[in-house]
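Whatever order the structure lists ligands and atoms in, that order sets their numbers, starting from 1. No experiment lies behind these values; they were computed from the predicted model shown.
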Amino acid sequence: MSPYEIIARKRDKQKLTAREIDYFISAYLKDKVTDYQITAFLMATYLNGMDSEEISALTKAYIDSGETIDLSDVPGKKVDKHSTGGVGDKVSIVLAPLVAALGVPVPMISGRGLGHSGGTLDKLESIPGFNVNLPVSEFRRLVKTHGLGLIGQTADIVPADKRIYALRDVTATVDNIPLISASIMSKKIAEGIDGLVLDVKYGNGAFMKDPVEAEKLAHSLISIGKEFDKTVVALLTSMEQPLGNKIGNWLEIDECIDCMHGKGPADLREVTLALCSRMLLLGDVANSLEDAWQRCEKALDDGSAFAKFLEISRAQGADISYLEQPEKYPQAAKREVLKAANSGYINSMNTFDIGMASVSLGAGRKRAEDTINPRAGIILRKKCGDAVREGEEILEIHCDDALDTTAILQRLQQAITITEHAPTQQPPLILKEIS
Ligand code: URA
């Protein structure tokens, strides 16, 4: 088999065999296929798609690129959650300790920022000392001892996704059902779970803008789960505006700390509780959704989720004094505000543009080798439906001193539409459940 011919077959809209896909991915890991060849393959797949057999073969090839973790000696059903990606989507950071605090083990393998969307690993790494690059043995120990572990893809677990993910991030090959399905499900199957709750985002800040496409993605993810004998539940949730008020790595951790003190934005709390309560059901520790929801609310409000977050952060090397006293975290060198050009109501937000503005501020990568500024990002002072007066602050940007912010502020100004009348209806935050 030649890599050239496999790329050409996908370019020409032909169906690839499982052998071809497996060969191509394993040859990439042995450096017999180059980054430019894999990128051409990704773009051909992006443009011409894959059917369900090819998606399944791609997922298997990713899983087989590393080892699969056996957690059968950890008592109870192991349940994880994964989001298809969004702006300000920090749910995993609150959810994982919350669910673990309620007795369901959460082995979580996450990703970094992807395109305009943020990534759990980058957020966790903004906490001084937090180590997400742990060997499998240490990950297993964390899950056994603390009921959760928070790591990224490694050279041992789904290394194919680790390398391909970084290329997709900077080559506009992210928003594609086959590539997202293989990327997410390979990580989740390799981590040794019994059940999975998916947060499939729809809207202008999601990879699937249209709810119908989001639902197709949910079905693709669920059917891979079925093949591997995993119980998968998906919620379709809105990304028509950023989730919560803060975007950017440390800023999001800061908002999660508020949420774990029973405060913070209502939308973040609602999506978190909706996903956590499904996880308790899959973990067999609650009798009904209502029971699960109430227990999750209590764990947020009585400090148990935060205590578990401190416990796992300390275990993964973090200096938890920054979590206990977030005000001591060093601030961004430059802060500027965007003011409303006229009075009215925030009618809509172009969430993709807000995500890209956050990347330009330094919260994400434009090239695979870029480093992230953990302090960079955006604080929204207004959300959709809110009234504003001319000259009132809509948002604040945080970045390095040297950055010229003129074009970024212009992009943000254009991303937020103010109208005279309040919008009649907001898209539902939680659109539907698919299982
Ligand atoms: N999350 C992932 O892990 N992979 C994707 O492709 C998108 C979201």
Side-chain angles (χ1 to χ4, degrees), residues 25 38-39 41-43 45-46 49-50 54-56 58-59 61-63 65-66 80-93 95-96 106-124 132 150-154 157-191 193 196-203 205-209 213-214 216-222 224-225 228 230 232 234-237 239 243 252 271 275 351-352 355 359 364-365 368:
I25 299 298
I38 202 96
T39 303
F41 171 81
L42 292 171
M43 189 55 85
T45 301
Y46 184 93
M50 280 185 169
E54 291 173 290
I55 298 176
S56 166
L58 188 63
T59 310
Y62 277 22
I63 297 168
S65 70
D80 192 11
K81 165 262 176 190
H82 203 88
S83 159
T84 58
V87 179
D89 179 5
K90 52 197 75 78
V91 169
S92 289
I93 288 157
L95 165 146
V106 184
M108 186 176 272
I109 300 181
S110 305
R112 299 194 174 277
L114 199 53
H116 68 287
S117 78
T120 301
L121 299 180
D122 296 325
K123 293 171 205 189
L124 289 171
V132 295
L150 303 164
I151 62 164
Q153 317 96 314
T154 70
I157 318 166
V158 279
D161 184 56
K162 182 180 171 84
R163 288 179 61 185
I164 292 172
Y165 194 96
L167 293 176
R168 286 172 61 217
D169 181 28
V170 289
T171 56
T173 48
V174 176
D175 47 336
N176 174 262
I177 291 179
L179 298 177
I180 295 177
S181 300
S183 167
I184 292 182
M185 294 310 288
S186 59
K187 287 192 280 287
K188 302 292 110 174
I189 288 156
E191 68 192 12
I193 47 164
L196 175 65
V197 175
L198 292 165
D199 185 2
V200 180
K201 300 287 186 195
Y202 77 93
F207 293 124
M208 301 294 127
K209 314 251 172 300
E213 286 302 301
K216 276 191 204 156
L217 173 58
H219 284 294
S220 169
L221 296 161
I222 289 170
I224 300 172
F228 287 86
K230 312 289 176 202
V232 183
L235 292 186
L236 255 54
T237 74
M239 208 10 87
L243 190 65
E252 294 192 37
V271 173
L275 294 161
T351 315
F352 173 82
V359 171
R365 299 173 187 80

Quick check: Tyr165 and ligand 1, any N/O pair under 3.5 Å apart? no
Check this for me - ligand 1, His82, N or O atoms closer than 3.5 angstrom, yes or no?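 Yes, His82 has an N/O under 3.5 Å of an N/O on ligand 1.
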With a 4.0 Å heavy-atom cut-off (strictly under), which part of Asp161 contacts ligand 1: side chain, backbone, both or neither?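 It is neither part, as no heavy atom is under 4.0 Å.
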Side-chain contact, heavy-atom cut-off 4.5 Å: Met208 with Ile180?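 They are in contact (side-chain heavy atoms under 4.5 Å apart), so the answer is yes.
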Is there a side-chain contact between Met108 and Leu95, using heavy atoms and a 4.5 Å cut-off? yes
Is it true that Asp122 and Arg365 have a side-chain N and a carboxylate O under 4.0 angstrom from each other? yes
With a 4.0 Å cut-off on N to O distance, would you call Lys187 and Asp161 a salt bridge?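 Salt bridge present between Lys187 and Asp161.
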Out of all atoms in ligand 1, which are within 4.0 Å of some heavy atom of [X]? Include the element for each.
| X | result |
| --- | --- |
| Lys187 | 2 (C), 3 (O), 4 (N) |
| Leu114 | 5 (C), 6 (O), 7 (C) |
| Thr84 | 7 (C), 8 (C) |

Kindly identify the option in Lys188, Arg168, Met185 whose heavy atom sits closest to atom 6 (O) of ligand 1.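 It is Arg168 whose heavy atom sits nearest to atom 6 (O) of ligand 1.
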Please state which protein non-hydrogen atom is closest to atom 4 (N) of ligand 1 and give its distance, to 0.1 Å?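 Heavy-atom neighbour on the protein nearest atom 4 (N) of ligand 1: Ser183 OG, 2.7 Å.
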Rounded to the nearest 0.5 angstrom, the CD1-CG distance for Ile222 and Leu217 is 9.5 Å
